[in-house]
J.: 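First the structure, then my questions, so here it is.
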Amino acid sequence: MTRPGFRIPALVAGLALLLLSAAACGPASSATPSTTASESVTPSMDSQSPAATSSAASESASPSDEQGPFACNLPINGVGSTKRAQITDVRVGEHDAYDRITFEFATGIPEFSIEEAEPPFTQDASGLPLEVDGTYFWKIVLHGGTKVSPDGGITYDGPTEFTPGYAKLVHLVEGGDFEAVSTWYVGMSGTSCIRVATLNDPARLVIDIEH
């Protein structure tokens, strides 16, 4: 017997509506983590972009191993990009297939020449004897390339003689720096071919000696 005022159909309908509401809420809450995870990927990828750009800029600023073919005929003459270039650094380095000499300048590249040389060597402008180790030699002249500034200051006070004992490069020594013209002698362990490149930012004259 059914009590007055108590209706079973209404109770059943209310329970069914409650179950349907709970089922509808379930998928909506489970989708939220998926959206959040997707959004977190984008900042991570964007944060890597500046690093990749910085790395590419750094690599392009360094001397590249792909400067072109070696040549075996001297002399080599370069017109340069400025009448006076203050030397700020001189360095040597060894690579798998070549040894490298780098002259770095404050602004621009001076006119230059590279030619074969034979002893005896003398210093500019004193004429005093200059010893250069090796069996094969080059003479590098930087016309307007100097470590002495117009006011008499020094823009490069580092080494002016290197004896690295590389596979080809045995000796690099300054022969003189007089009237804004500097001379350098390269002593090698034997004949070799050469590759010359000029680079910017900073301005550099790069000379590779093939093994």
Side-chain angles (χ1 to χ4, degrees), residues 63 67-106 108-149 153-199 202-211:
Q67 300 295 342
F70 284 86
C72 300
N73 298 323
L74 293 177
I76 292 176
N77 298 295
V79 296
S81 60
T82 184
K83 291 184 178 180
R84 189 183 186 103
Q86 295 299 144
I87 299 173
T88 57
D89 195 15
V90 181
R91 53 187 180 269
V92 298
E94 185 177 32
H95 297 258
D96 290 340
Y98 58 90
D99 301 328
R100 172 167 287 179
I101 301 169
T102 302
F103 295 95
E104 188 169 313
F105 306 94
I109 305 293
E111 179 185 346
F112 63 89
S113 63
I114 306 171
E115 61 184 23
E116 293 180 348
E118 293 183 0
F121 304 114
T122 57
Q123 302 178 37
D124 298 335
S126 66
L128 294 174
L130 178 67
E131 294 293 329
V132 183
D133 298 334
T135 59
Y136 179 64
F137 308 94
W138 291 341
K139 179 182 180 181
I140 304 170
V141 181
L142 306 176
H143 304 275
T146 175
K147 64 180 185 294
V148 182
S149 62
I154 301 296
T155 57
Y156 170 67
D157 60 359
T160 56
E161 182 173 10
F162 302 83
T163 54
Y166 294 157
K168 237 9 165 175
L169 178 60
V170 175
H171 197 184
L172 173 67
V173 59
E174 182 188 63
D177 192 330
F178 181 66
E179 294 184 344
V181 177
S182 62
T183 303
W184 295 76
Y185 290 98
V186 182
M188 291 166 282
S189 59
T191 58
S192 180
C193 296
I194 186 172
R195 180 174 61 188
V196 180
T198 57
L199 305 173
R204 284 157 290 161
L205 172 61
V206 176
I207 301 168
D208 291 340
I209 307 167
E210 189 175 33
H211 288 175

J.: Can you name the side-chain contact (heavy atoms from CB on, under 4.5 Å) partners of S126, sequence neighbours left out?
T.: Q123, L128
J.: Could you tell me whether the side chain of T198 reaches within less than 4.5 Å of the side chain of L205, counting heavy atoms only?
T.: yes
J.: For the residue pair Y185 and F121, does the interplanar ring angle fall in the parallel (under 30°), tilted (30 to 60°) or perpendicular (over 60°) class?
T.: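 Tilted.
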J.: Would a 4.5 Å heavy-atom cut-off, applied to side chains only, mark L142 and F105 as touching?
T.: yes
J.: Sort and list the pairs that fulfil salt bridge (charged side-chain N to carboxylate O under 4.0 Å, His left out) and have at least one residue in residues 171-181, not counting sequence neighbours.
T.: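 Matches after skipping sequence neighbours: K147-E174, K147-D177.
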J.: Can you tell me how far NZ of K139 sits from CD1 of I114, rounded to the nearest 0.5 angstrom?
T.: 13.0 Å
J.: State, with a plain yes or no, whether a side-chain heavy atom of W184 is found less than 4.5 Å away from one of I101.
T.: no
J.: Just to verify, what does P164 make a side-chain contact (heavy atoms from CB on, under 4.5 Å) with, not counting sequence neighbours?
T.: V92, F162, Y166, L169
J.: The criterion is salt bridge (charged side-chain N to carboxylate O under 4.0 Å, His left out); which residues satisfy it with D89, sequence neighbours excluded?
T.: R91
J.: Output the distance between atom CG (N77) and atom CD (E115), rounded to the nearest 0.5 Å.
T.: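 Reported to 0.5 Å precision, the distance equals 8.5 Å.
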J.: Could you pull out all residues at least two apart from D124 that satisfy side-chain contact (heavy atoms from CB on, under 4.5 Å)?
T.: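 Partners of D124 under the side-chain contact (heavy atoms from CB on, under 4.5 Å) test: T183.
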J.: According to side chain to side chain donor-acceptor pair (under 3.5 Å), who are the partners of E161, at least two apart in sequence or on a separate chain?
T.: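 Residues passing side chain to side chain donor-acceptor pair (under 3.5 Å) with E161: H171.
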J.: Of all the heavy-atom pairs spanning P110 and G144, show the shortest one and how long it is.
T.: CB-C, 3.9 Å
J.: Hey, what do you get for CG (L199) to OG1 (T102), rounding to the nearest 0.5 Å?
T.: 8.0 Å
J.: Does any N or O in the side chain of T146 come within less than 3.5 Å of the main-chain N or O of V181, such that one atom is a donor and the other an acceptor?
T.: no
J.: For S182, give me all partners under side chain to side chain donor-acceptor pair (under 3.5 Å), at least two apart in sequence or on another chain.
T.: none
J.: Under the ring-ring contact (aromatic ring centres under 6.0 Å, His included) rule, collect the residues that match up with F112, sequence neighbours excluded.
T.: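 F112: no ring-ring contact (aromatic ring centres under 6.0 Å, His included) contacts found.
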J.: Can you find a pair of side-chain heavy atoms, one from T163 and one from V170, that are under 4.5 Å apart?
T.: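 Heavy-atom side-chain distance check fails, nothing below 4.5 Å.
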J.: Within a reach of under 6.0 Å around CD of E116, are more than 12 heavy atoms found that belong to other residues, nucleotides or ligands?
T.: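 Correct, the count exceeds 12.
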J.: Looking only at non-hydrogen atoms, find the nearest pair between G108 and S81 and report the distance.
T.: CA-OG, 3.4 Å
J.: Restricting to side chain to side chain donor-acceptor pair (under 3.5 Å), what partner residues turn up for H143, sequence neighbours left out?
T.: none
J.: Listed by chain and number, what are the side chain to side chain donor-acceptor pair (under 3.5 Å) partners of S113, not counting sequence neighbours?
T.: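 If we apply the side chain to side chain donor-acceptor pair (under 3.5 Å) test to S113, skipping adjacent residues, there are no hits.
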J.: Could you tell me which residues satisfy side-chain contact (heavy atoms from CB on, under 4.5 Å) with F70, sequence neighbours excluded, listed by chain and number?
T.: Y98, C193, R195, D208, E210
J.: Report yes if some heavy atom in the side chain of W138 is under 4.5 Å from a heavy atom in the side chain of I207; otherwise report no.
T.: yes
J.: Might you point out which heavy atoms bring R84 and S149 nearest each other, and give the distance in Å?
T.: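 R84 and S149 have their closest heavy atoms at NH2-C, 3.6 Å.
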J.: Shortest non-hydrogen contact from T191 to Y136?
T.: CA-CD2, 3.3 Å
J.: Looking at every heavy atom in both S192 and I209, which two are closest together, and how far apart are they?
T.: OG-CG2, 3.3 Å
J.: Looking at NE2 of H211 and NZ of K168, how far apart are the two atoms once the value is rounded to the nearest 0.5 Å?
T.: 8.5 Å
J.: Does Y156 have any ring-ring contact (aromatic ring centres under 6.0 Å, His included) partners at least two apart in sequence or in another chain, and if so, which?
T.: none
